[in-house]
A.B. asks: 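Structure below; questions to follow.
Just so we're on the same page: letters track the sequence lines, and every chain starts at 1. In this text, all values refer to a predicted model and were calculated from it rather than measured experimentally.
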Amino acid sequence: MLITSLSVEGIGRFASPAQVDGFGVGVNVLAAGNEVGKSTLFKAIRTCLFCRHDSKTQEIRDLGSDESQLPPTVGLAFEHDGKRYVIKKSFLRSPSAVLSQDGREIARFAEADKAVWDILGISPGSGRSIDEGAFGLLWVGQGSSFVAPVPGTGATSLLNAAIESEVGALIGGERARRAIDEINAELRRNLTESERGPRSDGPLARAQKNLEDWREAEDESFAKLGALEQQFAELAQRRWRHRQITDPASVAQTTQELTDARNRLREAQAADQEIRRLEAETVAAKRALEGAAQRLHQHREVASRTDTNRRLEADLAKSLPEHLGQEQEARAALARTDEQRAAAENEAKALAIKEQHLERLGGALLRASRKTELAQRLKSLEENTKNLTEIDAHLSQLRIKPKTVEDLDELDRQIAALDAQLSAAAATLAVEVKPAGVGQVRIGSLRAKDTHAAPVLAPMKVTVGDLAVVTVTPAVHPRQEKRQTLDAERAGLLKAAGVTSLTEAHALLARRRDLENGRRAILAELKSLKAGDDPVAACAEVKSALAQIEAAIAAALSATGRTALPDEAAIDAERLEHEQKRTALDARRASFEAARAEQQEAVESAVAQRTGAETRLEMLRKSIAEDLALCPDSDRAARDAALVAEVTASEIAQQTKAATLAAVRSTAPDAAEIERRELRCQRLEQALENHNAELMQLERDIGRLTGQIQAAGGDGVGEAHAAAQEQRVLSERECARIEERIAMLRLLRDTVGGCLTEGRERYYEPVRRHLRPYLNDLFPGAELELGDGFTITGMKRSRSESFKRLSGGTQEQIAVLVRLAMGTLLAERGGNVPIILDDALVYCDDDRINLMFDALSRAGKHQQIIVLTCRLRSFAPLGGHTLRVQVDGEGP
Amino acid sequence: MRIIHSADWQIGKVFKQFGAKEESLRQARLAAVERLGALAKSNGVHHVLVAGDVYDSDAPNPLTLRAPIERMKPFADIHWHLLPGNHDPHRPEGVWDRVAQLGLPSNIHLHLAPTPFALGDDAFLLPAPLLRKSELDDVSAWMDAAVTPPGVLRIGLAHGSVVNFGSEGEAINPIDPERTAKARLDYLALGDWHRTLQVSSAIWYSGTPEPDRAGGQEQGTALLIEIAGPGAAPSVSPLATGTYRWMTRSERVDDEGAVADLDQRLRNEPDLSRLILRLRIEGSLPLATHALFQQRMADLEAAVFHLDLDQNALTARPTEADLEAIDFDGVLRRSADVLRSVIEDSAAAPELRRRAEEALVELYVRVVNRSHEEAA
């Protein structure tokens with residue numbers, strides 16, 4: 001098919017008749033700006049060929065022109081199979097269709113619709129399937145070039161027919177796909193989408209979960225069974241041991257051995273106690289002997305001491321008067337020294353009083369020196385206080401404030417501005433006084449001469465001699481009212497400030513500021529005099545200080561008995577004299593203190609000697625009395641004889657006891673033997689205790705194990721284990737069965753899938769072969785991957801890439817190339833259909849678009865290519881035939 | 001003197017592979033006890049000897065423990081002599097102590113120690129209970145020295161494997177085949193072997209009264225023993241006691257005729273609803289016949305109590321007709337050819353070949369079924 005011309009009327013923006021000329025074989029380009037109507041023309045071609053003339057679809061309604069009352073009319077001339085056809089259709093109002101062949105009308109109305117479809121080899125249209133056959137594939141509307149071509153039913157049939165004429169049919173493909181789908185559905189029930197693991201809610205996952213559960217149950221029951229076996233073994237062992245240790249003969253033998261050992265131990269312990277008793281008696285006899293000897297010794301010591309003390313008493317009584325004399329002599333010397341020391345102390349007190357007087361006079365002299373300074377300060381304070389009081393009085397009389405003055409200034413500014421505005425708006429009174437009129441003309445009270453010009457803001461009288469009085473009254477201006485308000489406000493402010501004019505207000509404000517400056521200076525002076533906040537109080541304070549100084553001087557003079565203060569030199573001389581006296585007096589007092597300490601020591605020594613002699617004498621006499629009380633001289637001999645006899649008797653008794661002890665010791669068991677018997681008893685008792693403890697433990701263990709075994713038996717552990725074991729085996733078989741089936745299904749699916757892919761590859765080879773040169777223009781070495789229904793699934797360059805992941809521009813370029821290839825394939829098989837691209841290749845860069853132009857030119861060798869574009873400059877290098885739209889009444 | 005010799009009741013045995021039918025098999029073992037009681041009664045027998053393994057486990061649950069006792073109780077005139085076996089050895093506080101604690105009627109006797117026991121005035125029972133699962137010594141040896149009154153029958157009761165008898169016994173527990181001579185026994189009733197077996201004229205394994213596994217005894221059996229007097233040879237008669245028949249068959253099928261013949265023969269077996277059939281199939285079948293065979297087996301499974309079909313040795317042999325049934329050409333036919341090439345590739349792993357075979361059968365079944373659906 002070769003489109004040769006197109007005419008439209010009442011279509012879109014083409015309300016008037018328009019014609020597209022310049023169609024030719026190969027590439028045709030209609031390059032025009034936006035809103036010229038390219039897409040409308042494209043729609044018009046499609047509507048003319050595929051729609052029934054009497055159709056009233058919305059699409060046809062949309063095609064009509066708002067600016068035309070004429071029905072949408074499209075006329076399309078084309079060549080096909082060596083014949084020239086013209087089809088002309090009018091839609092909506094007065095619908096009609098006329099088809100002519102080689103200039104001869106061959107059909108009208110519905111027959112014309114059908115005849116066109118028959119010529120183009122498309123199935124009878126319903127009026128709605130305008131994208132039928134190859135046209136749907138190769139006529140790419142605006143915005144559709146980005147989409148990968150998915151041939152419709154008709155186009156697919158054409159492609160399949162073209163392919164099958166070359167490589168034969170792909171048999172069983174649909175059944176294979178269905179089989180794969182069914183297998184996949186079964187696999188999906190068991191596996192995840194990725195088939196990497198079992199689907200959580202699938203049979204395999206359930207089987208695996210069951211297997212896991214039963215393995216756990218088996219392990220658990222096996223552990224319980226093991227524990228039961230262990231308990232059986234332990235119980236048997238405990239029972240054997242129980243029988244062993246409860247053997248009556250063995251128990252009786254152990255008990256008898258213990259009884260014998262205890263008896264022998266008791267015998268040994270009795271003998272040992274007898275020895276202990278005899279040892280105690282021997283010790284007591286020995287102690288009695290030692291006591292008798294001790295008493296004899298003491299008696300003889302008392303007698304001897306009495307005699308010695310009597311001799312010492314006589315010697316002390318003789319030395320006592322000598323110690324008394326020495327004491328009295330030491331006391332007399334001490335009294336003398338005390339008298340001298342008291343005189344020196346009195347002298348020191350008198351000197352201290354003089355020193356105090358001198359210090360007081362010095363203090364009074366120091367205070368007197370501050371009197372002048374204080375008087376001067378008092379004077380300054382009083383003067384400043386007085387000045388401050390006067391300024392404050394002046395200030396209190398000045399009511400004007402800076403804010404008031406500022407407000408008045410502002411009002412004056414506003415009034416001046418208003419006046420200026422009023423002046424500008426007012427009529428100007430201009431009077432030119434001629435020489436003859438000089439002196440005759442007065443404007444108000446002003447005598448005019450020469451020229452006079454002024455705005456008339458208020459009624460103004462112009463008197464011309466006696467000739468005339470001209471009164472000029474200005475028109476009432478709206479700003480006058482504002483002016484009056486400002487005047488009233490100004491007068492109020494002046495009155496409140498107690499002034500009559502702004503000048504006076506400024507003068508008063510200047511006076512106020514001067515007074516305030518003076519006040520600040522006085523306050524600074526008072527601050528330097530440390531007057532604080534209250535200068536009057538500060539004056540009183542200074543006066544009080546002066547009075548205190550006077551009083552202190554008077555008190556000092558009165559205390560020292562003087563009439564006037566001495567000068568500082570006199571005071572220093574007296575102070576030196578007192579210091580010298582003080583030094584001499586201190587030396588004397590120190591020598592008295594030393595002498596007194598020495599004499600005091602001598603007195604104490606004499607007293608100690610005398611009292612020591614008296615004490616010793618008293619003690620001797622007391623000791624003699626005590627010893628005589630114990631042993632009077634008259635009993636001394638008789639007592640000595642009795643004590644000697646007692647010592648002799650005790651010696652005999654002690655020897656008797658020792659002999660008896662030795663005799664018993666020779667026959668009794670020794671300590672080692674007793675210890676051996678004790679250990680034997682302990683050992684046997686311990687053994688019996690251990691025996692009993694073991695018995696108790698065994699009975700507890702037997703009870704515990706019995707309970708555990710009975711409990712396990714009650715739980716049916718053995719039966720449960722057998723059940724768990726069988727369940728686990730069953731679960732393992734089920735898992736294996738499902739896994740084996742999955743493996744089998746995968747093998748089947750992969751085998752069928754592989755064969756399907758292989759068949760599809762072979763089937764698509766013609767498409768691929770036609771595509772390869774186009775693809776090579778843009779993507780050298782690349783191969784497209786085609787899926788079911790000629791869909792583009794990916795592109796293989798260095799690696800396989802999903803079509804959807806390619807950039808938008810690349811996707812569009814590939815989509816266009818695939819259409820070109822399919823168009824070529826169909827054209828070679830007689831399905832020569834023009835390729836129309838409306839506003840395609842939008843995102844091509846400069847390099848790619850040139851390569852795409854090459855591809856379009858390649859396709860143009862086989863069939864007509866019609867490119868509609870708004871990119872005039874970019875598509876200029878495409879070449880080909882240039883299409884022009886001629887609208888009646890408009891220039892080309 | 002008439003006695004019934006039974007053994008290996010294995011009450012409580014689990015049959016999880018039977019799924020919901022498990023309980024029927026468990027109940028059948030208890031029904032066998034009742035059948036023994038009825039047979040004893042009808043044959044004028046007063047003593048039923050059970051030669052071990054009354055229970056399948058020495059830790060059964062309380063219900064399992066009580067169930068056989070309750071089945072024996074109604075037969076008050078019959079003395080039941082129960083012996084611990086390797087499945088239920090007697091251990092302190094074990095299964096037999098639990099049974100004893102149930103409070104047994106006087107006609108149920110537990111022989112838990114090797115002590116002679118009078119079976120009326122004419123005979124003495126010499127039991128050899130197992131005290132552990134596995135004994136290395138012959139527990140029946142004590143019978144040699146067992147003292148019994150003169151002129152009475154000496155009947156041994158033991159559970160174990162006759163020495164050098166084979167390896168089918170479940171535990172070592174050796175029993176000397178000369179025991180009858182050494183211990184002057186008139187009869188030695190043995191358990192452990194689940195099939196009825198005569199070891200010598202006076203030594204028998206009774207077999208289990210209800211089979212529990214494939215490959216063993218098909219029908220449950222007990223033995224009726226009749227001994228005229230001391231030294232007389234015992235007369236032994238089998239008694240049918242089982243409910244279910246456990247049948248094992250190995251068959252070969254290579255064509256449709258063989259499949260039909262097998263199907264016919266199996267369906268001719270009596271009482272199919274109580275038949276537990278283990279069927280091992282070998283051979284090779286065309287895909288169409290293979291599918292037919294599967295269909296027949298599915299039907300048979302529904303007819304019998306249980307079908308355990310082992311067809312690992314059955315291979316699919318795709319014929320040209322089979323492949324044409326899949327398709328004459330095209331993707332599916334190509335897939336079938338690929339799978340067949342794998343099946344016929346002797347160098348391929350056996351597992352892969354087997355899987356390819358299953359895949360081809362699957363493909364065939366799917367295609368044929370769909371054709372049938374479309375035709376319908």
Side-chain angles (χ1 to χ4, degrees), chain A residues 169-179 182-183 214 224-225 228-229 231-233 235-236 239 702 705-710 712-730 733 740-741 743-749 751-760, chain B residues 10-19 22 55-65 87-89 91-95 97-99 101 131-133 326-339 341-342 351-352 354-363 366-367 370-371 374:
Chain A
L170 176 61
I171 299 169
E174 183 54 34
R175 287 199 298 158
R177 272 190 290 276
R178 200 161 53 217
E182 287 172 2
I183 293 167
W214 283 117
K224 284 181 180 172
L225 211 54
L228 182 62
E229 286 298 325
Q231 287 156 3
F232 273 128
L235 182 61
R239 286 200 163 169
I702 288 168
L705 289 165
T706 301
Q708 288 173 341
I709 290 167
Q710 286 174 350
D715 289 345
V717 173
E719 205 172 325
H721 178 62
Q725 217 168 10
E726 281 202 7
Q727 291 282 22
R728 188 259 306 157
V729 171
L730 285 177
R733 281 187 199 152
E740 180 53 37
R741 178 155 181 83
M744 180 273 289
L745 288 172
R746 278 175 154 174
L747 175 63
L748 178 56
R749 180 197 59 189
T751 304
V752 175
C755 291
L756 180 63
T757 304
E758 187 186 329
R760 194 160 53 203
Chain B
Q10 302 206 211
I11 303 296
K13 185 171 176 64
V14 291
F15 297 94
K16 295 296 175 188
Q17 71 269 33
F18 292 89
E22 180 193 18
Y55 294 100
D56 187 56
S57 156
D58 62 348
N61 70 45
L63 201 62
T64 303
L65 192 75
H87 274 257
D88 52 1
R91 293 187 283 195
E93 308 304 329
V95 58
D97 282 350
R98 289 170 62 200
V99 171
Q101 286 162 12
L131 304 183
R132 53 180 70 90
K133 288 178 185 291
I326 291 172
D327 210 341
F328 285 94
D329 196 2
V331 178
L332 294 181
R333 173 56 185 267
R334 172 70 188 140
S335 303
D337 289 340
V338 169
L339 290 171
S341 69
V342 175
E351 189 185 2
L352 178 62
R354 178 78 195 167
R355 194 168 291 154
E357 190 182 304
E358 290 170 2
L360 185 54
V361 172
E362 177 78 17
L363 177 62
R366 282 176 182 272
V367 170
R370 180 162 287 280
S371 299
E374 286 170 358

A.B. asks: Can you tell me which portion of A:Arg746 sits under 4.5 Å from chain B's heavy atoms? Options are side chain, backbone, both or neither.
C.D. replies: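 Neither; nothing under 4.5 Å.
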
A.B. asks: For B:Ala336, is it the side chain, the backbone, both, or neither that has a heavy atom closer than 4.5 Å to a heavy atom of chain A?
C.D. replies: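 It is neither, since no heavy atom gets under 4.5 Å.
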
A.B. asks: For B:Lys16, does its backbone N or O pair with a side-chain atom of A:Glu726 as donor and acceptor, under 3.5 Å?
C.D. replies: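 Yes.
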
A.B. asks: Side chain, backbone, both or neither: which part of B:Ile11 has a heavy atom under 4.5 Å from chain A?
C.D. replies: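 Nothing of B:Ile11, per the 4.5 Å heavy-atom cut-off to chain A.
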
A.B. asks: Which one, A:Gly754, A:Ala179, A:Gly718, leads in non-hydrogen pairs under 4.5 Å with chain B?
C.D. replies: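 Option with the greatest count: A:Gly718.
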
A.B. asks: Can you tell which part of B:Arg334 gets under 4.5 Å to a heavy atom of chain A, answering side chain, backbone, both or neither?
C.D. replies: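 Interface part for B:Arg334: both.
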
A.B. asks: If I compare all heavy atoms of B:Pro92 with all of A:Leu235, which pair ends up nearest, and what's the gap?
C.D. replies: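 Closest pair (atom of B:Pro92, atom of A:Leu235, distance): O-CD2, 3.5 Å.
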
A.B. asks: Tell me, for A:Glu182 versus chain B, whether the close heavy atoms (under 4.5 Å) come from the side chain, the backbone, both or neither.
C.D. replies: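 Interface part for A:Glu182: both.
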
A.B. asks: A:Arg175 vs B:Glu374, test: salt bridge (Lys or Arg N to Asp or Glu O under 4.0 Å). Steps then yes/no.
C.D. replies: CA-CA 12 Å; A:Arg175 287 199 298 158; B:Glu374 286 170 358; over 6 Å; no

A.B. asks: What part of B:Val342 lies closer than 4.5 angstrom to a heavy atom of chain A: side chain, backbone, both or neither?
C.D. replies: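 For B:Val342, there is no contact with chain A at all, as no heavy atom is under 4.5 Å.
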
A.B. asks: If I take atom CD1 from residue A:Ile183 and atom CG from residue B:Leu363, how far apart are they, to the nearest 0.5 angstrom?
C.D. replies: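 Taking CD1 in A:Ile183 and CG in B:Leu363, the distance rounds to 7.0 Å.
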
A.B. asks: Report which part of B:Glu22 has an atom under 4.5 Å of a heavy atom belonging to chain A: side chain, backbone, both, or neither.
C.D. replies: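 Contact with chain A: none, neither part.
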
A.B. asks: For the atom pair CG (A:Leu225) and CG (B:Asp58), what is the distance rounded to the nearest 0.5 Å?
C.D. replies: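 Between A:Leu225 CG and B:Asp58 CG, I get 7.0 Å after rounding to 0.5 Å.
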
A.B. asks: Surrounding CG of B:Leu63 (heavy atoms of other residues, nucleotides or ligands, distance under 6.0 Å), is the total greater than 12?
C.D. replies: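 It does not: B:Leu63 CG has 12 such atoms or fewer within range.
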
A.B. asks: With a 4.5 angstrom heavy-atom cut-off, is it the side chain or the backbone of A:Arg749 that approaches chain B, or both, or neither?
C.D. replies: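 Nothing of A:Arg749, per the 4.5 Å heavy-atom cut-off to chain B.
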
A.B. asks: Determine the minimum heavy-atom distance between B:Val331 and A:Val752, stating which atoms define it.
C.D. replies: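 Minimum heavy-atom separation between B:Val331 and A:Val752: CG1-O, 3.8 Å.
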
A.B. asks: Quick one: CD on A:Gln710 to CZ on B:Arg98, what's the gap to the nearest 0.5 Å?
C.D. replies: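 Output value for this atom pair is 8.5 Å.
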
A.B. asks: Where do A:Leu228 and B:Ala59 come nearest, in terms of heavy atoms and distance?
C.D. replies: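 Scanning both residues, the minimum pair turns out to be CD2-CB, 3.6 Å.
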
A.B. asks: When rounded to the nearest 0.5 angstrom, what distance separates CG in B:Leu332 from CZ in A:Arg177?
C.D. replies: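 So the gap between those two atoms works out to 10.5 Å.
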
A.B. asks: Most heavy-atom pairs under 4.5 angstrom with chain A, which of B:Pro62, B:Pro60, B:Gly19?
C.D. replies: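 With the most close heavy-atom pairs to chain A, the winner is B:Pro60.
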
A.B. asks: Side chain from CB out, backbone as N, CA, C, O: work out which of these in A:Leu745 comes under 4.5 Å of a heavy atom of chain B, or both, or neither.
C.D. replies: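 For A:Leu745, the contact with chain B is made by the side chain alone.
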
A.B. asks: Can you tell me how far CZ of A:Arg239 sits from CZ of B:Arg91, rounded to the nearest 0.5 angstrom?
C.D. replies: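 Output value for this atom pair is 13.0 Å.
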
A.B. asks: Considering only heavy atoms, which portion of B:Arg333 lies under 4.5 Å from any heavy atom of chain A: side chain, backbone, both, or neither?
C.D. replies: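 For B:Arg333, there is no contact with chain A at all, as no heavy atom is under 4.5 Å.
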
A.B. asks: If every non-hydrogen atom of B:Val338 is compared with every non-hydrogen atom of A:Cys755, which pair is closest and at what distance?
C.D. replies: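 What the structure gives for the nearest pair is CG2-SG, 3.9 Å.
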
A.B. asks: Could you tell me whether A:Arg741 and B:Glu362 have a side-chain N and a carboxylate O separated by less than 4.0 Å?
C.D. replies: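 Here A:Arg741 pairs with B:Glu362 in a salt bridge, since their nearest N and O are under 4.0 Å apart.
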
A.B. asks: Short question: side chain of A:Glu719, backbone of B:Asn61 - any donor-acceptor pair under 3.5 Å?
C.D. replies: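 Yes, the answer is positive, given that a donor and an acceptor are paired below the 3.5 Å cut-off.
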
A.B. asks: Drop me the distance from A:Met744's CE to B:Arg354's CZ, to the nearest 0.5 angstrom.
C.D. replies: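 A:Met744 atom CE to B:Arg354 atom CZ measures 11.0 Å (nearest 0.5 Å).
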
A.B. asks: Testing the basics here: between B:Gly94 and A:Ile709, what is the closest heavy-atom pair and its distance to 0.1 Å?
C.D. replies: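 Looking at all heavy atoms of both residues, the closest pair is N-CG2, 4.5 Å.
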
A.B. asks: What part of B:Ser335 is in contact with chain A, defined as an atom under 4.5 angstrom from a non-hydrogen atom: side chain, backbone, both or neither?
C.D. replies: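 For B:Ser335, heavy atoms of backbone and side chain both lie under 4.5 Å from chain A.
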
